[in-house]
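Have a look at the structure below before the remarks.
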Amino acid sequence: MKRILIVLLALLTLSQVEAKKKKTSGNPIFTGWYADPEGAVMGGRYWVFPTYSAPYEQQTFFDAFSSSDLITWTKHERVLEQKNIPWLKKALWAPAVIEANNKFYLFFGGNDVHEGEVGGIGVAVSDKPEGPYVDALGKPLINEIVNGAQPIDQFVFRDDDGQYYMYYGGWQHCNVCRLSPDLLSIIPWPDGQKFHEITPSRSYVEGPFMLKRNGKYYFMWSEGGWTGPNYCVAYAISDSPFGPFRRIGKILEQDPKVARGAGHHSVIQIPGKDEYYIIYHRRPLSENDGNSRETCIDRLIFNADGTIQPVKMTFEGVEARKLKKR
């Protein structure tokens, strides 16, 4: 009888531990090496579209992940593949997704383009957030290197007036352009130019992201080398989506007790609430390979004056935030 009681107590303790685990997402939020996560709320679910973190020649598809509560994530395999992009030869990465016109648009970087090569930023479209997505143009939306910015790491932002802007750029330069209502072409600015450079700081490297809160525009980006331990996220605040953007400081960086190489993020807002979460990648302390990156989530907290508190990286992740069914 004593042995039975011991076994029952052990099972009860184990179930309590498991129950406790299920109260938070844990970090990483799903298994596998994934980076550059784009978070969104679409179709009544939370979504994360990351880069499959592998050598360029193996980065030929995107998986996506969805959740109703930020805790349990469902994997949607190969929502976009090389075979559906006629001009793609290698290196499909850094997705950006947005819902518009009763469709879902997935922007991506392809081919690690240099001057004179075919590649850059492409766009694929689907009728469902889980895809499959198909290349919409048969060619890159942006192929040229303008203002020194490699056409990668795009983020599409819809302002309150309905105008869509795309922020993008690597090689320490960042451009902004206006997108047409169908999101498949670029509208020139009043001066006739298609791209304006808005590089916020000499420390800018890549991974731009825009967030609007209380009438202010929060522009964020990644600094440092993506394979190194000092990869991080910094931000600026402006009254305009075009800046000027003055660097305020870092909000996400390595923690010697948790992980290194934390960066290339996105932010999601709980619908109807002033509550935000940062989704980002980081490298476990046990890993030295540049592609060993995992996707994580933690709270993003604003101070009373509108500035952002430095993010505390955790292993626990976040608590459940269920979405209301549409």
Residues which pass side-chain hydrogen bond (donor to acceptor under 3.5 Å, both in side chains) with Gln172, listed by chain and number, not counting sequence neighbours: none
With side chains defined as the heavy atoms from C-beta onward, is the minimum distance between Val146 and Asn175 less than 4.5 Å? yes
For the ring pair Trp189 and Phe242, is the centre-to-centre distance below 6.0 Å? yes
Quick one: does any side-chain atom of Asn143 pair with a main-chain N or O of Gly120 as donor and acceptor, under 3.5 Å? no
Please enumerate all residues that pass salt bridge (charged side-chain N to carboxylate O under 4.0 Å, His left out) together with Arg299, with sequence neighbours excluded. none
Transitive ILVMFWY side-chain link Leu80 to Leu137, under 4.5 Å: no
So, using side chain to side chain contact (heavy atoms under 4.5 Å, CB included) as the criterion, who are the partners of Asp239 when residues are at least two apart? Lys216
Nearest 0.5 Å, what's the OG-CG distance between Ser266 and Leu300? 10.5 Å
Salt-bridge contact Asp255-Arg282 (side-chain N to carboxylate O under 4.0 Å): no
Treating Asp63 as the side-chain partner and Tyr52 as the backbone partner, does any N or O pair qualify as donor plus acceptor under 3.5 Å? no
Are Tyr167 and Phe155 near enough that their ring centres are under 6.0 Å apart? no
Grab the two heavy atoms, one from Ser222 and one from His264, that are nearest each other, plus how far apart they are. OG-N, 2.9 Å
Students should find that the hydrophobic cluster of Ile187, defined by side-chain heavy atoms under 4.5 Å apart, otherwise consists of none
For Lys128, look at atom NZ and say whether over 12 heavy atoms of other residues, nucleotides or ligands are found less than 6.0 Å away. no
Donor-acceptor pair, Ser25 side chain versus Val318 backbone, under 3.5 Å? yes
Residues forming a salt bridge (charged side-chain N to carboxylate O under 4.0 Å, His left out) with Arg260, sequence neighbours excluded: none
Main-chain N/O of His114 paired with Glu117 side-chain donor or acceptor, under 3.5 Å: yes
Quick one: does Tyr164's side chain get under 4.5 Å of Ile98's, heavy atoms only? yes
Measure across Ile71 and Thr24 and return the closest heavy-atom pair with its distance rounded to 0.1 Å. CD1-C, 3.4 Å
Holding to ring-ring contact (aromatic ring centres under 6.0 Å, His included), I want the full list of residues that pass it with Phe302, two or more places apart in sequence or in another chain. Tyr218, Tyr276
Do any pairs count as a side chain to side chain donor-acceptor pair (under 3.5 Å) and have a residue in residues 226-237, sequence neighbours left out, and if so which ones? Glu206-Tyr231, Asn230-Gln254
Check whether any side-chain heavy atom of Ile270 lies under 4.5 Å from a side-chain heavy atom of Tyr277, and answer yes or no. yes
Does a side-chain heavy-atom distance below 4.5 Å link Ser68 with Leu323? no
Would you call Lys103 and Asp127 a salt bridge, using N to O less than 4.0 angstrom? yes
Heavy-atom closest pair, residues Gly169 and Ala149: CA-CB, 4.1 Å
Do Tyr165 and Tyr217 sit in the same hydrophobic cluster, where Ile, Leu, Val, Met, Phe, Trp and Tyr count as joined when their side-chain heavy atoms come under 4.5 Å apart? yes
If the condition is side chain to side chain contact (heavy atoms under 4.5 Å, CB included), which residues does Thr295 pass it with, not counting sequence neighbours? Ile29, Phe30, Tyr34, Pro37, Val48, Pro50, Ile279
Steps toward side-chain contact (heavy atoms from CB on, under 4.5 Å) verdict (Val267, Phe209): CA-CA 8 Å; Val267 177; Phe209 183 87; 3.7 Å; yes
Looking only at heavy atoms, which two atoms of Leu183 and Ala100 are closest? And how far apart? CD1-CB, 4.3 Å
Quick check for you: to the nearest 0.5 Å, what is the distance between Ile121 atom CD1 and Tyr168 atom OH? 6.0 Å
Less than 4.5 Å apart, any side-chain heavy atom of Arg45 and any of Thr74? yes
Any Met166 side-chain heavy atom under 4.5 Å of Ile142 side chain: yes
Mind checking whether Leu141 and Leu92 sit in one hydrophobic cluster, side chains of I, L, V, M, F, W, Y counted as touching below 4.5 Å? no
Nearest 0.5 angstrom please: Leu285 CG to Lys257 NZ, how far? 11.5 Å
For His196 and Asp191, the nearest pair of non-hydrogen atoms, with its separation, is NE2-OD2, 2.9 Å
Which residues pass the ring-ring contact (aromatic ring centres under 6.0 Å, His included) test with Tyr133, not counting sequence neighbours? none
Can you measure from CZ (Phe65) to NZ (Lys75) and round to the nearest 0.5 angstrom? 5.0 Å
Under 4.5 Å between any side-chain heavy atoms of Arg247 and Tyr204, yes or no? no
Atom CG of Asn102: over 12 foreign heavy atoms under 6.0 Å: no
Lys312 atom NZ: more than 12 heavy-atom contacts under 6.0 Å: no
Should the heavy atoms of other residues, nucleotides or ligands under 6.0 Å from CD of Glu319 be counted, would the total exceed 12? no
Separation of His265 NE2 from Leu252 CG (nearest 0.5 Å): 8.0 Å
Hey, any chance Val156 and Met210 share a hydrophobic cluster, counting ILVMFWY side chains that come within less than 4.5 Å of each other, even indirectly? no
Stepwise ring pair (Phe, Tyr, Trp, His ring centres under 6.0 Å) check, Phe62 with Phe49: CA-CA 7 Å; Phe62 285 144; Phe49 289 75; 8.0 Å; no
Any chance you could measure Tyr105, atom OH, to Ser126, atom OG, to the nearest 0.5 Å? 11.0 Å
All ring-ring contact (aromatic ring centres under 6.0 Å, His included) counterparts of Trp87, not counting sequence neighbours: Phe108
Can a side-chain donor-acceptor contact be found between Gln150 and Asp112 if the only test is distance below 3.5 angstrom? yes
Only counting residues at least two apart or in another chain, list the ones meeting side-chain hydrogen bond (donor to acceptor under 3.5 Å, both in side chains) with Ser238. none
Are Ile237 and Ile308 co-members of a hydrophobic cluster defined by side-chain heavy atoms under 4.5 Å apart? yes
Evaluate the criterion side-chain contact (heavy atoms from CB on, under 4.5 Å) for residue pair Thr60 and Glu81; output intermediate values, then yes/no. CA-CA 6 Å; Thr60 57; Glu81 300 184 70; over 6 Å; no
If we ignore angles and hydrogens, is there a donor and acceptor under 3.5 Å between the side chains of Ser203 and Glu223? yes
Mark yes or no for whether Asp153, through its side chain, and Gly207, through its backbone, hold a donor-acceptor pair below 3.5 Å. yes
Taking every non-hydrogen atom, the tightest pair across Asp159 and Pro241: OD2-CG, 4.0 Å
Val118 side chain reached by Val113 side chain, heavy atoms, under 4.5 Å: no
Partners meeting ring-ring contact (aromatic ring centres under 6.0 Å, His included) with Tyr56 (sequence neighbours left out): Trp93
